[in-house]
Amino acid sequence: MRKLLFQSLFRQPLTEQAPRPDDAALAELAAMVSRTARRRLGRSLSIREVDAGSCNGCELEIHALSNAYYDVERFGIRFVASPRHADVLLVTGPVTNNMREALERTYRATPDPKWVVAAGDCARDGGCFAGSYAVVGGVSAVVPVDLHIPGCPPSPMAILRGLVGLLEAVDSGVAAK
Amino acid sequence: MPKLIDLIQAGRTVERHHPWPRAVVDGDAWRAAAGALADGGLSLLGLWGEPSCVHMAILDDHTSDIGVISLDCPDRRYPSVAAYHPPALRLERTIHDLFGLEATGTPDPRPWLDHGRWQMRFPLGERLDTSPPDAAPYQFLPAEGDGLHQIAVGPVHAGIIEPGHFRFTANGETVVRLEQRLGYTHKGVEGLMTGSTVEQAARLAGRISGDSTVAYGLAFAQAVEAAQQIAMPPRAVLLRALMAELERLANHLGDIGAICNDASFALMQAHCAVLRECVLRAADAAFGHRLMRDLVVPGGVARDIASDGPDAIRAALDQTRQHFPALVELYDNTASLQDRTVSTGIVTPALARQFAAGGYVGRASGRDHDARRKPGYLPYDGLRFDVPVLSDGDVNARVWIRIREVEQSLALAYQILAGLEAGPVRVSLQAATEPCEGIALVEGFRGDILAWLRLNGDRIERCHLRDPSWFQWPLLEAAIEGNIVADFPLCNKSFNCSYSGQDL
Ligand code: SF4
């Protein structure tokens, strides 16, 4: 029974439907991510996600990267549990005063070379929470940021696209450190 | 035992507060209300402050009436409700942190949202500037005994989740006490709302808990519309409900998968995530945003559904309806999974009742409450749906409530689509000449969200939004007691409380 279930469930949503234009774009993008990741890092790319005060909307779309449509793990991009295993910190939210120290400590715990991606409009400058007594501001107010991905929240496609951008910049030495 | 109506009548009724009454009471009536909450029969819906008064929203369990009682506290103190009724505790600690109002007789004067890092105290009351933090260590409650050890987790967790701190005291593998410390994502939303325009505040309301952006938008909009006493066009009402049900569907599908994943059954997660993605894509096609953010606005909806939107949504509903039953069967027939979820993390019906826990947490523990029914709002009185209730109170029951609610939301979304008729989707707000107040209770996927506000012209004078998590987080502390540490992620996921929603 179970086998049957898997087959019927797995096939239909993903392969039996006519390919949508964005699925083709997705495949291309994902392939590009893995090519670039490999060239630069020669292995998988490990990402540690840090919520520095987000509304949790950004987290939902970062989670979606792991569903069968985007399935980032196929391309060597992995979300890891510890900053000590990470190449990239993916930071969301306006940085709250209450999270500032935790973000700084997470950054310090990440080995070099490392890159910081700020995801979402809040992560740029605090978004609509800017100016609050409880908010420091965008991520770059606390740790150096290599790339910002706009959106509220950025769609999974936008996040993938952003990671490609980072990897290409890293490759060409722009953001290398 | 005083009924709600008696409490309201004992006070001075405030004019221009809609749709339920608000009365200013004296200290004795306030204490009587706290006592009545403790006796049962009345449920606490919310407790919030202003610079020199406190408000308490109450639901009468028998009559389903809702009312607000207010107490002026010119000397900056008021009788503690938590001294009688523990569910009020974190709310009182928050009122102190934000406004500096002291709850006399409180059993716990520790700060809650204020971690000593704002460079000020009482930001919404009489501000006191403070120097940069020396961050005195937070005192966790003691747990003493032979062989006990502590495990500190967070605020940064291992997964892609929100920040919070959990302090476990364990005896071997068994959790003796869990104490939560939250507030890490406190963004000062209520402070930002004060003095803002209705539009700005609506955007903030939709960003209090991103997974409930439609429900928050709706709660805020309904409170504004109640204050201004304006009625919504039927098409706007239906489109809002459609978005709310899609949000519920997407979140429940995600949760069911994620709970099973935390019981190491990743397969379920893979399938549920596909269905969730289908719903989000349909929402994007129909409304132009995957999470449907900023679409429910005071006065209606920001934009009408796309012309091919209904078809896109129907396709996603069809797909879910087709594939979901097999997943339910899989859940039901996988012994190794049931072994993890059955009898794990039990919330007793008595606790669920005491805390007036909303959503699947309450309904899995016998509390038959759904804001779409009680007090009820449009268009749900004209739609057919069941409110599933179970009494086991374990992780399994919380999964089953979600399963049943997925089915109900599917049925509701079909009904709404069938009932959509052409018409306007937005009416303009009025700039009120006199201050007016509105209150709303809306059922989000997680439970009932309370919105209360006072308008002055086109500005927000004060707005308070109470997330369902306020009355669910404390129950997680109770549910994990006696379970093994390794079952905590599973229990936690089965609650899926919002950090951002309660931190504000
Ligand atoms: S960018 Fe938008 S989704 Fe992300 S944390 Fe900010 S408000 Fe939430």
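Treat the numbers as computed from the prediction; the structure is a model and nothing was measured. So you know, we letter chains A, B, ... as the sequences are listed, proteins then strands, and number each from 1. Just so you know, these numbers use all the heavy atoms, side chains as well, and skip hydrogens, waters and symmetry mates.
Put simply, the side chain of B:Arg207 reaches to within 4.5 Å of the side chain of A:Cys152, judged on heavy atoms. Here the side chains of B:Tyr499 and A:Asn56 are not in contact, with every heavy-atom distance at 4.5 Å or above. The shortest side-chain heavy-atom distance between B:Pro155 and A:Arg105 does not fall under the 4.5 Å cut-off. In this structure, A:Tyr69 and B:Cys278 have side chains that are in contact, with non-hydrogen atoms separated by less than 4.5 Å. Considering only heavy atoms from C-beta on, B:Arg276 comes within 4.5 Å of A:Leu60 through its side chain.
Interface remark: of the candidates B:Ala250, B:Pro123, B:Ala258, B:Pro123 forms the most heavy-atom pairs closer than 4.5 Å to chain A. Across A:Asp71, A:Asn97, A:Leu90, the residue that shares the most heavy-atom pairs under 4.5 angstrom with chain B is A:Asn97. Heavy-atom pairs under 4.5 Å with chain A were tallied for B:Val156, B:Asp284, B:Ile161, B:Asp211; the largest tally goes to B:Asp211.
The two residues A:Glu101 and B:Arg117 come nearest to each other via the heavy atoms OE1-NH2, 2.7 Å. A:Phe129 approaches B:Val189 most closely through the heavy-atom pair CE2-CG2, 3.8 Å. Nearest heavy-atom pair, A:Ser132 versus B:Gly188, reported as atom, atom and distance to 0.1 Å: OG-CA, 3.7 Å. Of all non-hydrogen atoms in A:Thr96 and B:Tyr184, the two that sit nearest each other are OG1-O, 2.6 Å. Pairing each heavy atom of A:Cys128 with each of B:Leu192, the nearest pair is O-CD1, 3.8 Å. Summarising the geometry of A:Ser54 relative to B:Ser500, their closest heavy-atom pair is O-OG, 3.4 Å, with the distance given to 0.1 Å.
To the nearest 0.5 angstrom, B:Glu277 atom CD is 13.5 Å from A:His63 atom NE2. The distance from atom CG of B:Asn261 to atom OG of A:Ser66, rounded to the nearest 0.5 Å, is 9.5 Å. Between the CD1 atom of B:Ile160 and the CD atom of A:Glu59 there is a distance of 8.0 Å, given to the nearest 0.5 Å.
For chain B, the nearby part of A:Ala130 is the backbone; its heavy atoms alone come within less than 4.5 Å. For A:Pro153, the parts lying near chain B are the backbone and the side chain together; criterion is any non-hydrogen pair under 4.5 Å. Heavy-atom distances place the side chain of B:Leu280, and not its backbone, under 4.5 Å from chain A. Interface remark: A:Val95 contributes no atoms to any contact with chain B (heavy atom separation under 4.5 Å). Using a 4.5 Å cut-off between heavy atoms, A:Arg100 makes no contact with chain B at all. Only the side chain of A:Thr106 has a heavy atom closer than 4.5 Å to any heavy atom of chain B. Proximity to chain A is limited to the side chain of B:Leu124, based on heavy atoms less than 4.5 angstrom apart. Using a 4.5 Å cut-off between heavy atoms, B:His289 contacts chain A through its side chain alone, with no backbone atom that close. Residue contact with chain A, scored on non-hydrogen atoms closer than 4.5 Å, involves the side chain of B:Leu291 exclusively.
A donor-acceptor contact shorter than 3.5 Å links the side chain of A:Asn98 to the backbone of B:Gly183. Checking side-chain atoms of B:Lys187 against main-chain N and O of A:Gly53 turns up a donor-acceptor pair under 3.5 Å. Between the side chain of A:Asn67 and the main chain of B:Val274, no donor-acceptor pair closer than 3.5 Å is present.
Taking the six-membered ring where tryptophan is involved, the planes of A:Tyr133 and B:His186 are tilted, since the angle between them lies from 30° to 60°.
Counting heavy atoms of neighbouring residues, nucleotides and ligands inside a 6.0 Å radius, atom CD of A:Glu104 exceeds 12 of them.
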